[in-house]
Amino acid sequence: MEMASIGNQTITEFVLLGFYVRAELHLLLFIVFTVIYTSIILGNMLIIVAVVSSQRLHTPMYFFLANLSFLEILYTSSVVPKMLEGFLQEAAISVAGCLLQFFIFGSLATAECFLLAVMAYDRYLAICYPLRYPLLMGPRWCLGLVVIAWLSGFMVDGLVVALMAQLRFCGPNHIDHFYCDFMPLMSLACSDPSVAQMTTFILSVVCLTVPFGLILTSYGRIVVAVLRVPAGASRRKAFSTCSSHLAVVSTFYGSLMVLYIAPSAVHSQLLTKVFALLYTVVTPLFNPVIYTLRNKEVQQALWRLLYVKQTETID
């Protein structure tokens with residue numbers, strides 16, 4: 001990558017400014033976000049362990065959920081540790097490291113956009129076509145959908161990062177964010193970033209609106225199917241599940257749409273960071289609870305696993 005210079009000095013690193021808060025609050029925020037990060041890792045790890053260890057959970061729905069959990073562990077881990085470092089000391093990151101962080105996080109976030117759409121489509125088939133569901137969502141098709149979601153994420157953001165790597169960055173080298181995001185980096189570019197910006201905008205429109213539209217369509221058809229069921233506990237449970245799923249999904253897609261499709265709508269950098277927290281921390285924290293941990297099958301699998309471990313310990 002070509003480096004620009006300030007005077008006679010070449011830029012070799014960026015400094016992440018993080019949040020503007022009083023110094024005495026840094027330790028408190030470090031503890032709070034450490035607890036949240038630990039909860040995200042443990043919650044998603046529990047889901048993966050439950051799905052892998054229980055034969056009853058070897059179904060398409062839980063296969064997708066385990067992939068979602070693994071994905072969220074990775075992409076949260078690509079951002080939060082650097083944010084935590086910023087509460088304790090100056091968070092410096094090399095130019096190459098900055099682009100790598102954006103590539104990893106962006107690829108995984110894009111993959112999640114596609115994976116959430118796959119999960120919604122899976123629920124639509126299971127509820128609206130229960131008899132044909134085993135044929136429509138066979139093991140090979142499930143694996144193929146997951147592979148497509150992961151590869152699409154890395155291909156899309158690989159193109160964006162390739163364009164970003166052609167830019168020259170010359171002072172200042174302070175990024176007003178808690179991680180290397182696209183727009184803050186573009187504001188520091190000395191060369192013309194219009195090609196990278198237009199490409200990112202077009203890809204963002206496609207990768208956000210198309211999956212989100214598929215999700216809304218799938219849940220709309222699910223609601224229509226549920227309305228045909230006589231009123232009762234099953235209908236209330238279905239509506240409760242759909243509404244909680246849509247709330248988390250809308251938060252995830254909505255915050256990404258604001259920052260990547262309509263960034264001019266956000267006039268405050270603090271508000272930008274708040275929106276970024278929604279998809280980097282908040283949704284990964286609630287997804288395990290909303291999708292899985294309050295599910296009786298998962299709870300039973302975890303209790304059985306715990307019981308086996310206790311029995312082995314006693315023996």
Side-chain angles (χ1 to χ4, degrees), residues 33-81 83-84 101 104-123 125-126 133-134 137-154 211 215 241 244-245 247-249 251-252 278-313:
F33 281 106
T34 298
V35 171
I36 292 174
Y37 178 54
T38 304
S39 301
I40 291 171
I41 300 300
L42 291 178
N44 284 290
M45 281 298 297
L46 282 175
I47 293 172
I48 295 172
V49 170
V51 172
V52 171
S53 63
S54 176
Q55 192 68 30
R56 294 183 182 181
L57 301 184
H58 291 179
T59 64
M61 181 180 76
Y62 292 110
F63 173 66
F64 295 138
L65 284 169
N67 270 274
L68 178 65
S69 294
F70 182 57
L71 192 153
E72 293 199 326
I73 288 173
L74 293 180
Y75 95 70
T76 304
S77 298
S78 70
V79 171
V80 176
M83 179 177 68
L84 294 176
Q101 185 192 50
I104 294 173
F105 173 79
S107 299
L108 295 171
T110 304
E112 178 163 345
C113 290
F114 293 121
L115 186 58
L116 288 171
V118 169
M119 291 167 60
Y121 179 65
D122 170 68
R123 290 300 82 207
L125 291 179
Y133 176 70
M137 198 58 76
R140 288 187 178 180
W141 182 235
C142 291
L143 181 61
L145 289 173
V146 168
V147 170
I148 290 171
W150 281 82
L151 289 181
S152 298
F154 282 92
I215 289 172
T241 301
S244 58
H245 285 190
V248 175
V249 165
T251 301
F252 178 75
L278 291 178
Y279 61 79
T280 57
V281 175
V282 175
T283 52
L285 178 64
F286 285 105
N287 272 343
V289 178
I290 296 298
Y291 280 105
T292 311
L293 291 181
R294 65 178 189 171
N295 183 299
K296 289 184 178 179
E297 289 180 319
V298 175
Q299 291 175 0
Q300 290 171 358
L302 289 173
W303 279 116
R304 281 195 298 270
L305 184 63
L306 181 62
Y307 175 76
V308 169
K309 292 294 183 182
Q310 287 179 339
T311 304
E312 290 176 351
T313 303

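Scope of the values below: all heavy atoms of this structure, side chains included, with no hydrogens, waters or symmetry mates. Starting from 1, each residue takes its place in the sequence as its number. Source: prediction; values computed, not measured.
Atoms OG and CD1, from Ser69 and Ile41 in turn, are 10.5 Å apart once rounded to the nearest 0.5 Å. Atoms CD and CG, on Glu112 and Asn67 in that order, are 11.5 Å from each other to the nearest 0.5 Å. Atoms CG and OG1, from Leu71 and Thr76 in turn, are 9.0 Å apart once rounded to the nearest 0.5 Å. Here the CG atom belonging to Leu108 is positioned 11.5 Å from the CD1 atom belonging to Ile73, to the nearest 0.5 angstrom. Distance check, rounded to the nearest 0.5 Å: CG of Leu116 to CG of Asn287 gives 6.5 Å. The line from OG1 of Thr59 to OH of Tyr133 is 6.5 Å long, rounded to the nearest 0.5 Å.
Between Pro284 and Leu278 the shortest heavy-atom distance is CD-O, 4.4 Å. For the residue pair Cys142 and Pro60, the shortest heavy atom distance occurs at SG-CB, 3.5 Å. Summarising the geometry of Ser77 relative to Pro81, their closest heavy-atom pair is O-CD, 3.1 Å, with the distance given to 0.1 Å. Between Gln101 and Val79, the closest heavy-atom pair is NE2-CA, 4.0 Å. Between Val248 and Phe286, the closest heavy-atom pair is CG2-CB, 4.5 Å. Summarising the geometry of Met137 relative to Tyr121, their closest heavy-atom pair is CE-CD2, 4.1 Å, with the distance given to 0.1 Å.
Considering only heavy atoms from C-beta on, Ile48 comes within 4.5 Å of Phe70 through its side chain. The closest side-chain heavy-atom distance from Leu285 to Ser39 is below 4.5 Å.
When atom types are taken as modelled, the side chain of Ser54 and the backbone of Ala50 share no donor-acceptor pair closer than 3.5 angstrom. Judged by distance alone, the side chain of Asp122 and the main-chain N or O of Val118 form no donor-acceptor pair under 3.5 Å.
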**Study point:** Criterion side chain to side chain contact (heavy atoms under 4.5 Å, CB included) on Val249 and Met119, from CA distance to verdict
**Key:** CA-CA 11 Å; Val249 165; Met119 291 167 60; over 6 Å; no
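Residue pairs satisfying the ring pair (Phe, Tyr, Trp, His ring centres under 6.0 Å) criterion with at least one member in residues 33-63, sequence neighbours excluded, are listed as follows: Phe33-Phe87.
Using the six-membered ring where Trp is involved, Tyr75 and Phe252 have ring planes that are tilted, between 30° and 60° apart.
Exactly one of Leu115, Val146, Ile47 qualifies for a side-chain contact (heavy atoms from CB on, under 4.5 Å) with Leu68. That residue is Leu115.
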